[in-house]
Amino acid sequence: MNPNPARSNAVREESMVALSRILPRVLPTLASDADRAVFRERVETHFADAFEMFLHLYGDHYDCHYHLEQTLLLVAEYFATRPATMRARDTERAGDPLWFTSHEMMGAVGYVDLFAGTLHGLHDRLPYLQELGITYLHLMPLFVAPQPHNDGGYAVSSFREVDPDLGTMAEFETVATAFRAHGIALVLDFVFNHTSDEHEWARRALAGDRHYQAYYHMFDDRTKPDEYEPFLREIFPDQAPGSFTYRPEIDKWIWTTFNHFQWDLNYANPDVFRAMLGEMLFLANRGADVLRLDAVPFVWKQLGTPSENLPGVHWIIRGFNAFVRMAAPALLFKSEAIVHPRDVKSYIAPGECQLSYNPILMSHLWDALATRETFLMRHAMQQRFALDPGTTWLNYVRSHDDIGWGFADEDAAAVGIDGGAHRTFLNNFYTGQFPGSFAAGVPFNYNPRTGDMRVSGTTAALAGLERALADGDVDAQQQAVQRILLIYGIVLSIGGIPLLYLGDELAALNAVAYRDDPTKADDSRWIHRPAFPDGRAARRHHVDTPEGAVFTGLQSLIQRRKMLPALAGNDARFHDLQNKHIFAFSRARELLVLGNFSEFRQTFPTNTLLAVLKADDVRLTDQLSGRLYAVGADSAFTMEPYELLWLKS
Ligand code: GLC
Ligand code: GLC
């Protein structure tokens, strides 16, 4: 349930009273008349949202108004110190607020160390990113973190310091400026559900400081944890069972949803909201265009609930948004909510997260490759793909995390599939245990209590390349390449920002060496986090190698995308062409995308195509191959195995 956007008049009036009291204390902290005028205008526009959020979450707090004023003072400080380059960006984005929905957008995501060694090295990889046409680059967490265990950087010890092995914050700013000059927006992770147990706040809490103990959820004994625990989902049952960790130094239990060294922050404390807003604005001023809100569903807790996706989470995001618009309006949020499809969508709104991963499409693409059937994906997309204006998806096939089969049971049931049994099948298929499977994935966090399991493995390994290479089967290698290009081709045309997981463009194989590293061996996600494969990169233009075929294939898909304005936005309409192997959707009534998810030639009646196009006969050009199709009534349309068509009339 989202907060009600239709605010009551009483709240509106109350907020105006509060504002008239606070503004005279805040404006004098700004140096120039010009700044005061700009800031006043922004505050007047967004204060009611901020106030309402404060009222909902902290209204019972004895000094709610004090906290509100302190928060606005903090925002004014970051407004005042926002660098000229970022202020210029605010102006530029204000003139083009839907920049992120353009068909020219192309995203990539990777680890600085694995992709390029250091921030300096990242700078040197600019030509490579340009070769691919990247305009949006998400860098995985690059902050100081505990060693050696830090959940791939997702245990942050300081949001203001770059891991010295990667470089410095000044180097990050240099990279951000250089990339921006080449049309690449920078995206950083904002790991705001938790800090590491080495963050200064955690250290002080461990030293007995009560002010900082209140930054986290701490309990004197097991009473409360035992009350909460039966409702909570275990995220890492293998390596981090349970959701609470005992620390003998202070004789307390601490809420740790993920690993024991990742301490969940207590957003019921207004000090935490303000402190994290400060960290967020700091990163915005250093050059981040987008912040990925890591593990967003977990930030609000309530006894007797799973403490995921609660209304409090939405208030927090709305509050962050309202304050951010005052100091750093160009900043956007991207939601990382890998939850039930209904909940995924609940975070996507212009006043919450403008961008969101699309885990729904991601899992359905793999489902369709395994089953060779597309009706479940079509049904789910018909129900769940449309978004509000001013927001968009990040469509992807792989990320640094495991794949969970996050489709809705009710969607499966609607097309006659049992969700639970289907998940078991997909787990078996992608870990290569199902007879005839082409995939070479590995299990992630099998939970014997619930039977849940997720899957790790690179795109190439899951799509069949790993096995085909091991078998020396050239035909199978070619099929694997076709599968990769097919699912990326859907991601590139369905609507939203396509997100390339770096390494996929070179068909990187499973990185099994993680098993020999005791700090990583218990987390199979490392298998799909390979270092930049230099050898494969050197062969990226050799189309007779799988890596060359994938690289050049992707490159040309990206170039085509950028030439097709019909691919902007996310207005896809999904069609049933009466062949269960073919996934079909149209964009802006101009472009028809068809994908054959089977390794066999498929046909369907041309009449269904003509009905979709509302024509009696039509000439279509495939924007990918340039081939011409004359489609008349009462015949059959044929598609080759794993073929992808972008047809324009
Ligand atoms: C996110 C990250 C994941 C991490 C978790 C805890 O979901 O993507 O890698 O383990 O949050 O921060
Ligand atoms: C769960 C969480 C997600 C996290 C992932 C890590 O799916 O919902 O936030 O990234 O686990 O495996």
Side-chain angles (χ1 to χ4, degrees), residues 26-27 29-43 45-46 50 71-100 102 105 107 112 119 122-123 126 134-139 141-143 158-162 167-190 192 274-293 319-334 350-351 353-355 390 497:
V26 175
L27 288 180
T29 64
L30 298 172
S32 70
D33 282 345
D35 267 13
R36 280 189 285 272
V38 173
F39 193 65
R40 171 191 278 275
E41 200 200 316
R42 289 191 195 157
V43 173
T45 310
H46 299 288
T71 306
L72 207 60
L73 282 166
L74 179 91
V75 173
E77 199 181 307
Y78 283 98
F79 165 76
T81 53
R82 185 148 168 92
T85 47
M86 293 313 291
R87 288 190 177 207
R89 182 127 272 217
D90 293 334
T91 312
E92 183 195 323
R93 298 301 200 206
D96 182 16
L98 293 182
W99 63 274
F100 55 91
S102 161
M105 290 298 295
V112 175
L119 282 169
L122 179 65
H123 195 278
L126 180 60
I134 302 305
T135 64
Y136 166 115
L137 180 64
H138 169 200
L139 302 176
L142 40 70
F143 304 101
S158 164
F159 298 96
R160 294 172 182 244
E161 281 166 82
V162 169
T168 63
M169 197 42 92
E171 280 169 3
F172 169 74
E173 287 183 75
T174 308
V175 172
T177 310
F179 279 35
R180 186 169 306 126
H182 290 94
I184 301 179
L186 254 290
V187 185
L188 287 181
D189 259 280
F190 193 58
F192 76 123
R274 185 166 66 250
M276 290 305 283
L277 178 64
E279 305 311 280
M280 176 180 275
L281 291 174
F282 172 83
L283 295 174
N285 283 0
R286 301 280 72 77
D289 293 275
V290 178
L291 292 180
R292 170 188 179 278
L293 300 189
F320 276 148
N321 249 292
F323 287 112
V324 159
R325 303 276 83 82
M326 300 172 193
L331 186 73
L332 298 180
F333 292 152
K334 174 195 172 184
C353 295
Q354 299 79 20
L355 305 170
I497 306 178

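- Under the salt bridge (charged side-chain N to carboxylate O under 4.0 Å, His left out) criterion, Glu92 pairs with Arg89, sequence neighbours left out.
- Take Asp33 and apply the salt bridge (charged side-chain N to carboxylate O under 4.0 Å, His left out) test, not counting sequence neighbours, and it matches Arg36.
- The two residues Gly107 and Ile134 make their nearest non-hydrogen contact at O-CD1, 4.0 Å.
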May I have the list of side-chain donor-acceptor pairs in residues 324-334 shorter than 3.5 Å, sequence neighbours left out?
{"residue": "Arg325", "atom": "NH1", "partner": "Asn321", "partner atom": "OD1", "Å": "2.4"}
{"residue": "Arg325", "atom": "NH2", "partner": "Pro329", "partner atom": "O", "Å": "3.2"}
{"residue": "Arg325", "atom": "NH2", "partner": "Leu331", "partner atom": "O", "Å": "2.2"}

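- Every residue two or more places apart in sequence or in another chain was checked for a side chain to side chain contact (heavy atoms under 4.5 Å, CB included) with Thr91, and none qualifies.
- Residue pairs meeting the side-chain hydrogen bond (donor to acceptor under 3.5 Å, both in side chains) criterion with at least one member in residues 174-189, sequence neighbours excluded, are His138-Asp189, Tyr154-Asp189, Asp189-Arg292.
- In this view, Glu171 and Leu119, Thr168 satisfy the side chain to side chain contact (heavy atoms under 4.5 Å, CB included) rule, not counting sequence neighbours.
- Classified by interplanar angle (parallel below 30°, tilted 30° to 60°, perpendicular above 60°), the ring pair Phe179/His123 is tilted.
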(Q) The test is side chain to side chain contact (heavy atoms under 4.5 Å, CB included); show your working for Phe159 and Met276 and say whether it passes. (A) CA-CA 9 Å; Phe159 298 96; Met276 290 305 283; 3.6 Å; yes

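- When the side chain to side chain contact (heavy atoms under 4.5 Å, CB included) test is applied to Ser102, the partners found at least two apart in sequence or on another chain are Glu104, Met105.
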Quiz: residues 77-84 side-chain donor-acceptor pairs under 3.5 angstrom, not counting sequence neighbours:
{"residue": "Tyr78", "atom": "OH", "partner": "Arg160", "partner atom": "NH2", "Å": "2.7"}
{"residue": "Thr81", "atom": "OG1", "partner": "Glu77", "partner atom": "O", "Å": "2.9"}
{"residue": "Arg82", "atom": "NE", "partner": "Asp90", "partner atom": "OD2", "Å": "2.8"}
{"residue": "Arg82", "atom": "NH1", "partner": "Ala284", "partner atom": "O", "Å": "3.2"}
{"residue": "Arg82", "atom": "NH1", "partner": "Asn285", "partner atom": "OD1", "Å": "2.9"}
{"residue": "Arg82", "atom": "NH2", "partner": "Asp90", "partner atom": "OD1", "Å": "2.8"}

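- With sequence neighbours left out, the side chain to side chain contact (heavy atoms under 4.5 Å, CB included) criterion links Ala275 to Trp201, Tyr215.
- Between atom CG of residue Leu139 and atom CG of residue Leu137 there is a gap of 4.5 Å, rounded to the nearest 0.5 Å.
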